[in-house]
Engineer: 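The following block contains the structure, expressed as structure tokens.
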Amino acid sequence: MPRRPLPDHPVRVALLDLLAEHGTLTSTQAAARLGESSGLCSFHLRRLAELGLIEEAPHRGGKARPWRLRWETDEPAVTEESFSALIHVTPEERAEIAASIQRLLFRYRDRGTRPEGAVAVTAEVRLHGESRARAK
């Protein structure tokens, strides 16, 4: 499957960044974060969907339409274990979590031999959020 070019429109690029950061967003939520109108964001979200870059996220009906990134790959289909969690941690806890995940993954990466039946798996971890505490 040929790779789709990424849009060069600044609102569309900003919307893709927001979806990557937040997971799902409605046009109203995107508008509030970007300082644009909900109608403009809705228009660009629909164009991104037409390009196959995003898709409507499951929701309970109603007027609000949440969107999410659509991930495709040229690789053969594989089992995906995917999860996310919103957590509230101190900078020290964040560093501890990152170190723990690295140790866990490196244990498999650095074991020297491949067990029979082992397959290549990509593990992507991203801890993102504010890096400094907010002033109260």
Engineer: Any side-chain heavy-atom pair from Leu69 and Leu53 closer than 4.5 angstrom?
Structural biologist: no
Engineer: Look at the side chain of Arg70 and the backbone N and O of Ala49, then say whether any donor-acceptor pair between them is shorter than 3.5 Å.
Structural biologist: no
Engineer: Using the side-chain hydrogen bond (donor to acceptor under 3.5 Å, both in side chains) criterion, which residues pair with Arg103? Sequence neighbours excluded.
Structural biologist: Ser100
Engineer: Check whether His9 reaches the backbone of Val11 with its side chain - one donor and one acceptor, N or O, closer than 3.5 Å.
Structural biologist: yes
Engineer: State, with a plain yes or no, whether a side-chain heavy atom of Cys41 is found less than 4.5 Å away from one of Leu34.
Structural biologist: yes
Engineer: Over all heavy atoms of both residues, which pair between Pro58 and Arg68 is shortest? Give the atoms and the distance, please.
Structural biologist: CD-NH1, 3.3 Å
Engineer: Evaluate the side-chain proximity of Leu45 to Leu19: yes if any heavy-atom separation is below 4.5 Å, no if none is.
Structural biologist: yes
Engineer: Could I get the full list of side-chain hydrogen bond (donor to acceptor under 3.5 Å, both in side chains) partners for Glu56, not counting sequence neighbours?
Structural biologist: His59, Arg65
Engineer: Going from CH2 on Trp67 to CD on Gln29, what distance comes out if it is rounded to the nearest 0.5 angstrom?
Structural biologist: 13.5 Å
Engineer: List for me each residue that meets side-chain contact (heavy atoms from CB on, under 4.5 Å) alongside Ile101, sequence neighbours excluded, and say none if there are none.
Structural biologist: Ile97, Leu105, Val125
Engineer: With a 6.0 Å cut-off (strictly less than), is the heavy-atom count around CZ of Arg109, excluding the residue itself, greater than 12?
Structural biologist: yes
Engineer: Could you list the residues that satisfy side-chain hydrogen bond (donor to acceptor under 3.5 Å, both in side chains) with Glu96, not counting sequence neighbours?
Structural biologist: none
Engineer: Looking only at heavy atoms, which two atoms of Ser38 and Ser27 are closest? And how far apart?
Structural biologist: OG-OG, 3.3 Å
Engineer: Please enumerate all residues that pass side-chain contact (heavy atoms from CB on, under 4.5 Å) together with Arg111, with sequence neighbours excluded.
Structural biologist: Tyr108, Pro115
Engineer: Applying salt bridge (Lys or Arg N to Asp or Glu O under 4.0 Å) as the test, list every pair that has at least one member in residues 30-54; sequence neighbours left out.
Structural biologist: Arg47-Glu50
Engineer: Please report the interatomic distance CG(Leu25) to CG(Leu15), rounded to the nearest 0.5 Å.
Structural biologist: 8.0 Å
